Structures are given as C-alpha cells and as structure tokens.
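In the text below, chain A, chain B and the rest are named by the order of the sequence lines, each starting its count at 1. Predicted model only: the values in this text are computed from it and were never measured.
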There are 2 protein chains.
Amino acid sequence: MTHTKKRIIESAIRIFNEDLSAPLQKVADNAAVTRRTLHRYFKDRNELVAVCKQAIESSCKKAMISAIQSSDDALIQLERMLYAGIDCGAKYSVFYKLHQSKDHKHTHQNKNCADYDHIYNQFQGIIIELQKEGKISPAMSPEWIQVLHSGIIESTVNARQTTTKSFEEIKELAWTSYIKAIAP
Amino acid sequence: MTHTKKRIIESAIRIFNEDLSAPLQKVADNAAVTRRTLHRYFKDRNELVAVCKQAIESSCKKAMISAIQSSDDALIQLERMLYAGIDCGAKYSVFYKLHQSKDHKHTHQNKNCADYDHIYNQFQGIIIELQKEGKISPAMSPEWIQVLHSGIIESTVNARQTTTKSFEEIKELAWTSYIKAIAP
DNA sequence: TTCAAATGTCACACATTTGAGAAATATTTA
DNA sequence: TAAATATTTCTCAAATGTGTGACATTTGAA
C-alpha cells in the first residue's frame with residue numbers, strides 16, 4: 001500500500017470519526033491531496049468507508065491480541081490492553097462503536113464480529129480471573145468494566161489534546177485511575 | 001417556544017451529536033415533522049446548529065450550577081455534578097467538546113466561554129478542596145480529574161444503551177468507580 | 001537527462017441537499 | 001362552528017457534493 005493511500009485512510013478515520021457525512025473534500029484536505037487523487041485510490045465513498053472500517057478492525061484487533069499474548073499474568077494483560085487501546089487512539093473509539101451501534105447487525109457469520117467477540121470473551125475472561133484472585137471487586141460486572149475501559153481510553157485520548165502532560169504520564173494516570181476504580 | 005420547535009432542537013442535538021453533516025431530512029424525520037416545517041422555525045442549517053449549541057450550553061450550565069448549589073459539602077457537590085452530567089446525556093459530551101475543540105476560540109469575551117470557565121473553576125475548586133481534606137489523591141491533577149469526569153459520564157451514557165441494568169444501578173456504579181479512581 | 005508513475009488542474013454530468021413559495025389540509029382556540 | 005394558526009404537500013431553483021475524462025505538471029528512480 002502506498003504512502004498516499006495510507007495517509008488518506010488515516011485522514012478519513014480522523015474526519016469520519018467526528019463527522020461521518022463530512023464531504024470528501026475535507027478528507028482530501030486533511031490528507032493534503034486533491035479530491036481527484038482520493039478518487040484514484042477509492043472507487044467511491046462507500047469503498048473508502050469500508051476500507052477505513054477494515055483498517056480499524058485489523059489494527060485494533062492486532063494491538064489487542066498482542067497485548068493479551070504478551071503475558072500470562074491477568075493484571076498485566078489488562079494493563080497492556082488499556083495501553084493498546086490508548087495507542088490506537090480514535091481508531092479504538094470507532095472500533096468499539098462499530099460493534100455496539102444500534103444499526104450494526106452483530107453476528108458470528110461476520111468475521112469481524114467473530115473476532116471482536118473473541119477478543120471481548122478473552123477480556124471478560126481476564127476480568128473474571130482477576131475477580132477470582134480478589135484483585136477486582138466482585139460488585140463490578142464485566143459489562144460495566146468493559147464500558148469503563150473504553151471510557152478511560154476515550155478520556156486519555158482527549159486528554160492528549162488539552163493537557164501539558166507527557167503522553168507517558170497520562171497513560172500512567174489512566175491505568176492508576178482505572179485499576180483503583182475497579183479494585184475491591 | 002413551541003412544542004414543535006423544542007422537539008426539532010432535541011432531535012437535531014441527537015442527530016448532529018453523532019453526525020454533524022447529517023441531512024436535515026434526518027433531523028426532520030427524527031422529530032416527526034416535514035423538512036418544510038423545520039425550515040419555518042429555522043432560517044437555515046447554521047441557525048439550527050447555533051440554536052442547538054445554545055440549548056446545550058444553557059441546559060448543561062443550569063444542571064451543573066444547580067448541582068453545585070445543592071450542597072455545601074464538596075463530596076456531595078462532586079457526586080451531584082457527576083449525576084447532572086449523566087442526566088444531560090449526549091448533551092454533556094457536546095458541551096464539553098464544544099469548548100475543548102481545536103477550532104473553537106475559547107475566550108472570556110464570549111459569554112458561553114465565560115460561563116463554562118466559571119463552572120470549571122468551581123469544579124477545580126471542589127477538587128482542590130477535597131484534596132486538602134484528604135479525600136482525593138494529591139497525585140491526580142485537577143485537569144486529569146476533569147477529563148476522567150467526562151469520560152465516566154460518556155461511559156455511563158453508552159452503558160445505558162448496551163446493558164440490562166437499570167439507570168439507577170449504572171449511576172451508582174459510575175459514582176463508585178469514579179470516587180475510588182481518584183481516592184488517595 | 002529521461003522516462004514512467006503519481007499527482008494536480010480543469011471541466012463536466014449527474015445526484016443530493018437546501019431553502020422557499022403557494023395552496024391544501026389539519027389542528028387549535030375563541 | 002368559525003377564524004386563526006400550524007403543518008403538510010407539491011413544486012422548483014440554487015447550492016453543494018460526487019465521480020470521471022483529458023491533459024498538464026511534478027517527482028523520483030534509472
């Protein structure tokens with residue numbers, strides 16, 4: 001994939017994330033190319049959106065899975081999953097929304113959905129494991145923790161734009177807050 | 001203000017929140033009126049957007065201020081501010097984003113910005129007070145807590161759509177998680 | 001330098017969205 | 001019920017967005 005194509009996709013994700021119906025001109029501007037160039041790489045708007053979704057799916061999935069596989073210790077797995085989500089940035093928000101949204105037909109027939117479910121089954125497994133170990137409060141349901149998880153990631157991504165703190169400092173704050181929030 | 005006008009504004013906020021460039025037809029459909037009726041109440045798209053922003057500003061502002069004034073106890077003030085944000089729902093996210101966004105010129109000349117700053121000065125005052133009282137960790141900066149605050153609110157609003165729990169249960173979970181996250 | 005690939009410029013047809021007039025219909029209010 | 005008001009329906013012109021062809025320009029590698 002060319003550098004330009006990648007840049008267009010990155011821009012499209014940024015733009016569509018906050019305005020799904022934004023004119024393609026905006027995406028082109030953001031990527032510093034002409035609309036004509038954009039159309040050379042993507043047949044039409046639908047194709048661009050589809051490619052964005054696919055890029056989001058695969059990059060988030062990759063990051064999540066590698067976070068899970070990076071350790072046997074559930075607590076470390078959880079921490080790395082948080083960092084992975086933060087590193088994915090806006091992509092993670094979309095990834096999450098994609099499968100939660102009302103008009104999305106979530107089904108195991110769809111490979112993306114199956115992979116998503118697989119990841120979140122593992123996530124829930126980690127939570128339940130940590131609850132057994134007494135490291136997470138049993139009063140917090142795995143569903144709520146999942147919602148909180150993505151909320152903390154969003155906060156962190158937002159904080160990056162407003163605060164003067166370094167990225168590493170914010171990540172640390174995020175993890176500290178998160179683990180304390182769900183502690184017994 | 002007529003019932004119809006209110007309904008159009010509510011719909012517009014809902015729709016624009018997830019898709020700022022959505023066609024006005026969508027807003028009209030959502031409000032169960034014709035596009036023609038919508039245009040009778042609002043000169044054009046810009047005016048509708050402006051009115052939505054104003055509605056968001058004033059309703060969130062009202063809720064926040066009344067939360068602050070409802071008690072002298074900083075901890076209760078903080079809790080009620082969280083609930084107020086949750087009750088505002090999607091509006092709160094927009095309210096927050098409106099003043100944080102890059103292309104927004106945040107200035108005290110603008111009444112909305114001045115009010116926003118006033119509220120957030122009070123918020124930070126509450127945080128600092130609680131830190132003095134030893135009820136909040138001094139390691140957490142007021143800026144981070146503010147970001148976290150809005151993140152928890154977003155989580156809660158999202159949770160409402162996915163979970164089977166009652167609204168009251170989610171709110172409780174939200175407050176418990178939040179206060180534990182920032183506790184010393 | 002030279003050539004090919006990538007990108008930009010401009011022009012165009014077409015689709016969708018927008019905003020508004022005029023008359024018909026529905027709803028409210030006195 | 002009758003008048004006043006609000007809404008819908010149908011219509012249309014202007015504005016904006018979309019996708020593409022033809023050709024010019026730039027870029028980077030040989």
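Contact record, B/A31 with B/I8: CB-CA, 3.9 Å, taken as the closest heavy-atom pair. Of all non-hydrogen atoms in B/S155 and A/V147, the two that sit nearest each other are O-CG1, 2.9 Å.
Counting to the nearest Å, the P atom of D/dT8 and the CG atom of B/L38 are 11 Å from each other. In this structure, the CG atom of A/L48 is 16 Å from the P atom of D/dG17, given to the nearest Å. Distance, B/N46 CG to C/dT17 C1': 14 Å, rounded to whole Å. At whole-Å resolution of the value, NE2 in A/H3 and P in D/dA29 are 13 Å apart. Summarising the geometry, the separation between NE2 on A/H39 and C1' on D/dA22 is reported as 17 Å, rounded to the nearest angstrom. When the C1' atom of C/dT17 is taken as reference, atom CG of B/D29 falls 14 Å away, rounded to whole Å. Remark: P of D/dT16 and CG of B/D44 are 11 Å apart, rounded to the nearest angstrom.
For the pair A/K5 and A/F42, the distance from NZ or CZ to the six-membered ring centre is under 6.0 Å and the angle to the ring normal is within 45 degrees.
Contact check for B/E57 versus B/D115: no side-chain heavy atoms found under the 4.5 Å cut-off. Taking 4.5 Å as the limit, some side-chain heavy atom of A/I145 sits within range of a side-chain heavy atom of A/Y178. Put simply, the side chain of A/D19 does not reach to within 4.5 Å of the side chain of B/F16, judged on heavy atoms.
For the contact set between residues 6-25 of chain A and DNA chain C, defined by any heavy atom under 4.0 Å, there are no members.
Across A/K61, A/Q54, A/H106, a single residue satisfies side chain to side chain donor-acceptor pair (under 3.5 Å) together with A/N112, and that is A/Q54.
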What's touching nucleotides 7-14 of chain C from the protein side, N or O pairs under 3.5 Å?
from	atom 1	to	atom 2	distance (Å)
C/dT7	OP1	A/T4	OG1	2.2
C/dT7	OP2	A/Y41	OH	2.2
C/dG8	OP2	A/T34	N	3.0
C/dG8	OP2	A/T34	OG1	2.6
C/dG8	OP2	A/T37	OG1	2.5
C/dG8	O5'	A/T34	OG1	3.2
C/dG8	N7	A/R40	NH1	3.3
C/dG8	O6	A/R40	NH2	2.3

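One finds a salt bridge joining B/K91 and B/E10 here, because a Lys/Arg side-chain nitrogen approaches an Asp/Glu carboxylate oxygen to under 4.0 Å.
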